[in-house]
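Here the structure is laid out as structure tokens; the discussion comes afterwards.
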Amino acid sequence: MRRKSHTPPSPLPQRHGVDPVRVRLPAAGTWGTVREHLVERLSGAGAGVVDGMFDAGRIVGADGRPVAGDAPYVPGLFVWFHRDLPDEVPVPFPLEVVHRDEHIVVADKPHFLATTPRGSHVAETALARLRRELDLPALTAAHRLDRLTAGLVLFTVRPEERGAYQTLFRDRLVRKEYEAVAPYDPALRLPRTVRSRIVKERGVLAAREVPGEANAVSRVELVEHRDRSGEPGPLARYRLTPATGQTHQLRVHMAALGLPILGDPLYPDVTAPVPAGDFRRPLQLLARSLEFTDPVTGEEHRFRSGHVLAAWASYERWAAGTYDGPSDGQ
């Protein structure tokens, strides 16, 4: 049986709610020094950036002391450093906490806010915000919600309990309901369960359906529909219940039914990216509810988002780009 290697605790504190980067030197390689490996590994940053980090003492070992660039390469050695944070436009909408106890935090995330640090969204994420605002540096996300989707996200307070909550999502023991605003098609018979095989390729923005055994299952139900002046045609509000968790699954399935979710920049067609700081016309998809049995306490949890989908509350205001936040229209 393979023994798990011990990972030393980080010698660096968080910065703005963001963990330092940890790098473990590979067991095999031809590098002579730590610098040679990091220059190759961080090639996107450029050799000058890596050299500057060494010169400033920003790359440290497990003891917290700076590692010299010419330090010999040692297989399995851990080093840490803080990345340079990108310039981020603050998402100007509140992140509401709907539940907090000693084990979990459940937050009602606004549109446009990423769940966890990734790519160009680092400090301006739900996880980093909550760590700062709640003074919970060990907080971690049990699952993710797309940046453009609003609604409920579960975070864990204690690192040693994170696996138990993640297992709930892996084993499909969490009941999740979403709400969406999309066109209304009276000829489409609902409710129905959509099954397909979805693949998401690295570096490609949109996921796609391909032939093969289904790995994505979604139930689509019509809640209500209407046809009002000022709207582009009949609109409807839908209840979406995913049985699986493929990337962009609900968005792909709604587009495949001919019901693309309002404000979707990827489905059915990829549109030009909006400028940073453009928070108009958010995707009309909301993670409305979460239900599960707490794996640590045994308590039955039922959480519901307080957000309102703006295009349903006032299509004219949403279309005009005067969206004021996830509770706009209440």
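In terms of heavy atoms, Q284 sits closest to A311 at OE1-N, 2.7 Å. Minimum heavy-atom separation, P242 to Q249: CB-NE2, 3.7 Å. For the pair V105 and R100, the tightest heavy-atom approach, listed with the atom from each and the gap, is CG2-CG, 3.9 Å. Shown here for P20 and S10, the closest heavy-atom pair between the two residues is CG-OG, 3.2 Å. Closest approach of E161 and V296 over heavy atoms only: OE2-CG1, 3.9 Å. Between L152 and L145, the shortest heavy-atom contact is O-CD2, 4.0 Å.
Not counting sequence neighbours, the partners of E102 by the side-chain contact (heavy atoms from CB on, under 4.5 Å) test are R158. Residues satisfying the side-chain contact (heavy atoms from CB on, under 4.5 Å) test with R189, not counting sequence neighbours, are R192. Residues satisfying the salt bridge (charged side-chain N to carboxylate O under 4.0 Å, His left out) test with E224, not counting sequence neighbours, are R237.
Under the 4.5 Å side-chain criterion, counting only non-hydrogen atoms from C-beta, S218 is not in contact with L240. For the pair L173 and T293, the minimum side-chain heavy-atom distance is 4.5 Å or more. Counting heavy atoms from C-beta on, the side chains of L235 and W312 come closer than 4.5 Å. Looking at D227 and Y184, their side chains never come closer than 4.5 Å, going by heavy atoms from C-beta outward. A 4.5 Å side-chain heavy-atom check between H225 and P234 finds every atom pair outside the cut-off. Side-chain contact between R304 and R302: absent, with no pair of heavy atoms (C-beta onward) separated by less than 4.5 Å. At a threshold of 4.5 Å between non-hydrogen side-chain atoms, the residues L290 and R175 do not count as touching. Looking at T244 and N215, their side chains never come closer than 4.5 Å, going by heavy atoms from C-beta outward.
Residue pairs meeting the ring pair (Phe, Tyr, Trp, His ring centres under 6.0 Å) criterion with at least one partner in residues 150-182, sequence neighbours excluded, are H143-F169. Pairs of residues two or more places apart, or lying in two chains, that qualify as salt bridge (Lys or Arg N to Asp or Glu O under 4.0 Å) and include a residue from residues 73-95 are R58-D84. For residues 123-137, every residue pair satisfying the salt bridge (Lys or Arg N to Asp or Glu O under 4.0 Å) rule, not counting sequence neighbours, is listed here: D19-R131, E124-R129. Legend: salt bridge (Lys or Arg N to Asp or Glu O under 4.0 Å) pairs involving residues 193-204, not counting sequence neighbours, sorted by first then second residue: E201-R208. Applying the ring pair (Phe, Tyr, Trp, His ring centres under 6.0 Å) rule to pairs touching residues 235-255 yields H248-Y267, sequence neighbours excluded. Sequence neighbours left out, the pairs with a member in residues 240-257 that pass salt bridge (Lys or Arg N to Asp or Glu O under 4.0 Å) are D146-R251, R251-D264.
Residue L154 is not grouped with residue L136 when hydrophobic side chains (ILVMFWY) are merged at heavy-atom distances under 4.5 angstrom, including chains of intermediate members. No single ILVMFWY cluster, assembled from side-chain heavy atoms under 4.5 Å apart, contains both L250 and I198. Taken together through direct or relayed side-chain contacts under 4.5 Å among Ile, Leu, Val, Met, Phe, Trp and Tyr, V252 and I261 form parts of separate hydrophobic clusters. Linking ILVMFWY side-chain heavy atoms closer than 4.5 Å, directly or via other members, places L188 and V194 in a single hydrophobic cluster. Linking Ile, Leu, Val, Met, Phe, Trp and Tyr residues whenever their side-chain heavy atoms come within less than 4.5 Å leaves V217 and L259 in two separate clusters.
Other residues, nucleotides and ligands place more than 12 heavy atoms under 6.0 Å from the CZ atom of R15. Other residues, nucleotides and ligands contribute over 12 non-hydrogen atoms within 6.0 Å of the CD atom of E300.
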Show me the donor-acceptor pairs, under 3.5 Å and distance only, between side chains in residues 59-74 and residues at least two apart or in other chains.
| unit_1 | atom_1 | unit_2 | atom_2 | d |
| --- | --- | --- | --- | --- |
| D63 | OD1 | R65 | N | 3.0 |
| Y73 | OH | P26 | O | 2.6 |

Distance-only donor-acceptor pairs under 3.5 Å for side chains of residues 275-282, two or more places apart:
| unit_1 | atom_1 | unit_2 | atom_2 | d |
| --- | --- | --- | --- | --- |
| D278 | OD1 | R280 | N | 3.1 |
| D278 | OD1 | R280 | NE | 3.0 |
| D278 | OD2 | R280 | NH2 | 2.9 |
| R281 | NH1 | A319 | O | 3.1 |

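Going from atom OG of S196 over to atom CD of Q246 covers 9.0 Å, rounded to the nearest 0.5 Å. Rounded to the nearest 0.5 angstrom, T149 OG1 and H111 NE2 are separated by 8.0 Å. Rounded to the nearest 0.5 angstrom, I104 CD1 and H99 NE2 are separated by 4.0 Å. Between atom CG of residue D294 and atom NE2 of residue H103 there is a gap of 6.5 Å, rounded to the nearest 0.5 Å. Once rounded to the nearest 0.5 Å, the distance linking NE2 of H121 with CG of L113 reads 9.5 Å. Between L266 atom CG and L148 atom CG the span is 7.5 Å, to the nearest 0.5 Å.
No donor-acceptor pair closer than 3.5 Å links the side chain of D185 to the backbone N or O of G258. When atom types are taken as modelled, the side chain of T271 and the backbone of P265 share a donor-acceptor pair closer than 3.5 angstrom. When atom types are taken as modelled, the side chain of H307 and the backbone of A287 share no donor-acceptor pair closer than 3.5 angstrom.
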**Prompt:** How far apart are the C-alpha atoms of F81 and V23, what are their side-chain angles, what is the distance that settles it, and do they pass the side-chain contact (heavy atoms from CB on, under 4.5 Å) test?
**Reply:** CA-CA 9 Å; F81 58 88; V23 174; 3.9 Å; yes
**Request:** Give the intermediate values and the outcome of side-chain contact (heavy atoms from CB on, under 4.5 Å) for residues V49 and L42.
**Result:** CA-CA 9 Å; V49 172; L42 308 176; over 6 Å; no
**Prompt:** L139 and V157: side-chain contact (heavy atoms from CB on, under 4.5 Å), yes or no, with the steps?
**Reply:** CA-CA 5 Å; L139 194 72; V157 174; 4.2 Å; yes
**Message:** Determine whether V181 and Y315 satisfy the following criterion, side-chain contact (heavy atoms from CB on, under 4.5 Å), listing intermediate values before the conclusion.
**Reply:** CA-CA 10 Å; V181 177; Y315 177 83; over 6 Å; no
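Aromatic ring pairs are classed by plane angle as parallel below 30°, tilted from 30° to 60° and perpendicular above 60°; the pair F303 and H301 is parallel. Under the 30°/60° scheme for interplanar angles, the aromatic rings of F112 and F93 are found to be tilted.
Using modelled atom types and a 3.5 Å distance limit, the side chains of T116 and R144 yield a donor-acceptor pair.
The hydrophobic cluster containing V210 also includes V199, under a criterion of side-chain heavy atoms closer than 4.5 Å among ILVMFWY residues, counted directly or through chains of members.
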